[in-house]
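Written below as structure tokens is the structure these notes are about.
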Amino acid sequence: MPWAASIAALPAAIVRSNAMELSTRYTPKDIEAPLYEKWNASGCFQPPAEGEGSGKTFTVMIPPPNVTGVLHMGHALNGTVQDIVVRHRRKAGFDTLWVPGTDHAGIATQAVVEKKIFAEEKKTRDDLGREEFLRRIWDWKEEHGNMILRQFKSLGCSCDWTRTKFTMDPDMSLAVRTAFVDLWQKGLVYRGARLVNWDCVLQTAVSDDEIEYVSRKGKLWHLRYPMTDDPSKHIVVATTRPETMLGDTGVAVHPDDERYRDVVGKTVRLPFVDREIPIVADDSVDPEYGSGAVKITPGHDPADYERGQRHGLPIVNLLEKDGSLNENGGPFAGKSREAVRKELVAQMDEMGLLGEVEDITHNVSTSDRSKSPIEPLVSEQWFVKMQPLAEPAIGALKKGDLQFRPERWGKVYLHWLENVQDWCISRQLWWGHRIPVWYDEDDVGVASVDELEIGAPHPKTGKPIVRQDPDVLDTWASSWLFPIATLGWPDKDAADLRRFYPTQFLSTAQEIIYLWVARMVMAGYAFMPELDEPDRNPFSTCYIHATVLDAKGKRMSKSAGNGIDPLDMIEQYGADAVRYSLVLLTKEGQDVRLAPDRFEQGSRFCNKVWNAARFVMMNLAGERATGAPERFEDRWILSRLARTIEEVSSALDEYRFNDAATTMYRFVWNDFCDWYVELSKHRLTGDDEASSRDARATLTRVLRDSLGLLHPFTPYITEALWEALHDTLGEEAPAMLAVAPWPTGEGLAIDDAAEAEMRSVQDLVGCVRQVRALTMVAERKPLPVVANVANEGTRGVLQQHADAVRSLAFLESLELTEGAERPPSSAVAVAGGIEAYVVLGEEVDFAKLRDVLAGRAEKVGKALVGAEKKLQNEGFLAKAGADVVEAERERVVELQHEKDLLERNVAGF
RNA sequence: GGACCUAUAGCUCAGCUGGUUAGAGCGCUACGUUGACAUCGUAGAGGUCAGUGGUUCGAAUCCACUUAGGUCCACCA
């Protein structure tokens, strides 16, 4: 066996006992930062140069966090997930690339800086002017913009920092302009009037996702509109925003509504502005709500905009950009919308045109950023036609080229794509990619990748160019290009693009499936046409990570103040503990409730690993192993190791992180520490040199492979121990653990016999421990044990491993027999067909022990009755598989035996 | 209003394609510090698997409905 041989080859004299220098507790603080530096400096986060690696690439794009961002638990979870994948693939021999970056986050960043400048200098962006203001944002970005990336580093994320991208880097800008012009040339970009969400404070359009619906108390005013043909008659409409009546261009009722049948087609005369507007019939009106008639304000309400379109009604825009009324407001022009509401209602009342006023609670759309009420208004914006782009993205999922995990998120993705609306890509901001469209004096626009000079001839018309479009593009117009642009697009021959596109894995949050994920897929198909169709798709797996909730099951958010700061947790418990805890707690697809003390589990596990390694290293000094170990406990733990490698590897291949972490937890703690390490102690201190050497060799092998398997989860502690282990062995480590090959299980075998033998040993040891605990006899007082074992094979096995049992259970002697009577002053426990009499040599209180045995007898009895019933059931015998029936028969025999033993001994007390 | 998710021990959660004496961690109880680890060890207590009905020889597991909680989307004139 190669691993045993490698240890055997060590010159004993040069081995230093480094383990003695390891403190008894794991203290992450001292080791994390230097190790990170070491990794990063070694270049191991970068993929090998082309031609020097395996040629199999594995690429991951980080969802670029906002430059204004601060690491929250969601980031920490997502960073952990990605780093596990990346570190695993790197060790498994892939040329692995994880591209980091940040997003310029147009409105968020502009708002942060604007606020800061105003607080410090009482100046607005208009006071500074566009150029100066942008310079200030860049300054701010240089100073503060890398905070979140530093925080990802402290988590241990192994991104290739040499490829860090910012979505406003010059090459990203080039990609954005190129994409825009490409869409322009394909006729997919158009300019049009559209109702947008207007933030009167920030004075920009905001996207739907930047709006919150806030439940507020309000009123529903019933207004009477006089009929044109008979002003003494009215039609009553109900509204929450009476001031918008000045912009009404119609009234709608339901076509089937008897009450209004006669008035459809007639007109009403709108007070204040004296406009004659028609009454139309429209299906969208709910006859039950309010008066059953609704005013139509196409300029300031999305639903009314639709109705207006259907009935060809004109649009009247009432508002200035700051929310005050413009000249269309008639007598109210120039006043604020709040003031107009009050005055208008009062005047309607005076005119006798105000009806009922209901108190209601309704949702008011509010700007996320400024917290001011959103005013829908019509303005000129740029749009991208989405349907042609959406089709291949739909196909990608349906053909299976793109897979969501958990799969159900695919439905969310499809639902959006199949109902996709055109994308409003212009924003009235300064911070962002300026729209690459220039106009001549006749306002004829042209898109251009290259900057066009003011005064230069317009490429189409030849007339001088007079201005560039003042708006900037939506932030997502750059982030949707992230997978291709970071690799060199639009240069189609860029080495990285050829080598690393398409990527294999994207991990992100559910709420950006449409905003980001779907659009990246669209971009892949739209802008990488030279690839075969499945390869245009930017990532084959989209992993939607859990939502992190607080201990009460509420979403963690800044405004709720219920967040747990991952940096505090890293500070307190260490990055490895934070990572391991998160993964241990996060079953795929299941949201996770988090409280600060949840991180203790990971922390304890790290400490356990640390001390297990210490134990191994303390016992390594100067020893050599010779050949393949022959003892069953060696074969057992190596068999368990083989299974563990298999399970962890396949779990990671399938992105089942929680399963992999749980498997490692059980193996390290329950198998290795609880049983193998304990069993090795008597060998290490005993006289049998060969046995001792085998134990050392096995301990080393298990530790070495375990560190490898754990490395993706807990990179720091494993790397530190890897180093210490090789120091102790006096070996030069073949490589840093971060790049050492993934454990393959070479030379290991699954050994069912050894596993069965171990189970019997565990049963017998368990019996003795139970007796000692329940009779209060000191745990380590040497006692004689007489064990009845009816099964000859088991008896033989236990006989063979008597020394192991004696050492684990602290026995004075062990006698294995069949059918022996209960020795005087002994107590008994039963497990797995073994009846173990522990000779106590003193009078003790058996009450607890008897209760436990009786309880167990009852349980086994119930199971037995169930199993027997099953075997008497003809349906079961006829329909269940033969193997199932056979297993059930065997079970009955075992249960019967166990029950007999238990009952006999309960009666004997 | 639409879609989806969840309900298992005091708490947080596992339990794969139906057959288990229903598991883990924390907490709780008892005992234990002679060389890995008290961030530890050993043992124990604790669950009619939300409710109802159905499918099946057999349901924590599959289906329907009900109840309670949550997330996302849309929308409330």
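Throughout, protein chains are lettered first and strands after them, A, B, ... in sequence-line order, and every chain is numbered starting at 1.
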Measure the distance from [atom1] on [X] to [atom2] on [N] and round it to the nearest whole Å.
X: A:Asp301; N: B:rC75; atom1: CG; atom2: P; value: 10 Å
X: A:Lys848; N: B:rC31; atom1: NZ; atom2: C1'; value: 8 Å
X: A:Phe404; N: B:rC72; atom1: CZ; atom2: P; value: 17 Å
X: A:Phe810; N: B:rG41; atom1: CZ; atom2: P; value: 14 Å
X: A:Ile544; N: B:rC4; atom1: CD1; atom2: P; value: 17 Å

Counting side-chain heavy atoms from C-beta on, which of B:rA36, B:rG19, B:rA14 comes nearest to A:Lys587? B:rA14
Run the side-chain hydrogen bond (donor to acceptor under 3.5 Å, both in side chains) test on A:Asp30 and A:Thr27 for me, step by step, so that the C-alpha distance in whole Å, both residues' side-chain angles and the decisive distance to 0.1 Å come before the verdict. CA-CA 7 Å; A:Asp30 316 333; A:Thr27 45; 3.3 Å; yes
If you find the nucleotide of RNA chain B closest to A:Ala293 and the one closest to A:Val412, which residue's nucleotide is nearer the 5' end? A:Val412
If you find the nucleotide of RNA chain B closest to A:Lys681 and the one closest to A:Arg769, which residue's nucleotide is nearer the 5' end? A:Lys681
Report yes if a side-chain nitrogen or oxygen of A:Arg856 is closer than 4.0 Å to either non-bridging phosphate oxygen (OP1 or OP2) of B:rG44; otherwise report no. yes
Short side-chain N/O contact to B:rC73 OP1/OP2 from A:Lys411, under 4.0 Å: no
Quick tally for nucleotides 22-27 of chain B: nucleotides whose base has a protein heavy atom under 4.0 Å get B, sugar-phosphate-only ones S, the rest -, giving ---BS-
Suppose you measure atom [atom1] in [N] against the same atom in [M]; what distance do you get, rounded to whole Å?
N: B:rA22; M: B:rA59; atom1: C1'; result: 13 Å
N: B:rG46; M: B:rU8; atom1: C1'; result: 14 Å
N: B:rA64; M: B:rC75; atom1: C1'; result: 29 Å
N: B:rU66; M: B:rG10; atom1: P; result: 29 Å
N: B:rU61; M: B:rG69; atom1: P; result: 23 Å
N: B:rA45; M: B:rG23; atom1: P; result: 12 Å
N: B:rC49; M: B:rC62; atom1: P; result: 15 Å

Salt-bridged, A:Glu356 to A:Lys219, with N to O below 4.0 Å? no
Do NZ/NE/NH1/NH2 and the carboxylate oxygens of A:Arg405 and A:Glu588 come within less than 4.0 Å? yes
A:Tyr655 and A:Phe657 aromatic ring geometry - parallel, tilted or perpendicular at 30°/60° bounds: tilted
Report the relative orientation of the aromatic rings in A:Phe713 and A:Tyr580; use parallel for angles under 30°, tilted for 30 to 60°, perpendicular for over 60°. perpendicular
Could you check whether any side-chain heavy atom of [X] comes within less than 4.5 Å of a side-chain heavy atom of [Y], counting everything from C-beta outward?
X: A:Ile315; Y: A:Thr249; answer: no
X: A:Phe404; Y: A:Tyr543; answer: no
X: A:Asp282; Y: A:His254; answer: no
X: A:Ser680; Y: A:Tyr676; answer: yes

Answer yes or no: side-chain N or O of A:Glu678 and base N or O of B:rA36 forming a donor-acceptor pair under 3.5 Å. yes
Go through the N and O atoms of the side chain of A:Lys608 and the base of B:rC37, and report whether any donor-acceptor pair is under 3.5 Å. yes
Can you tell me which stems involve RNA chain B, if a stem is defined as three or more consecutive Watson-Crick or G-U wobble pairs, both distances under 3.5 Å? B:1-7 with B:67-73, B:10-13 with B:23-26, B:28-32 with B:40-44, B:50-54 with B:62-66
Test the A:Arg341-A:Trp221 pair against the cation-pi criterion, namely NZ or CZ under 6.0 angstrom from the six-membered ring centroid and within 45° of the ring axis. no
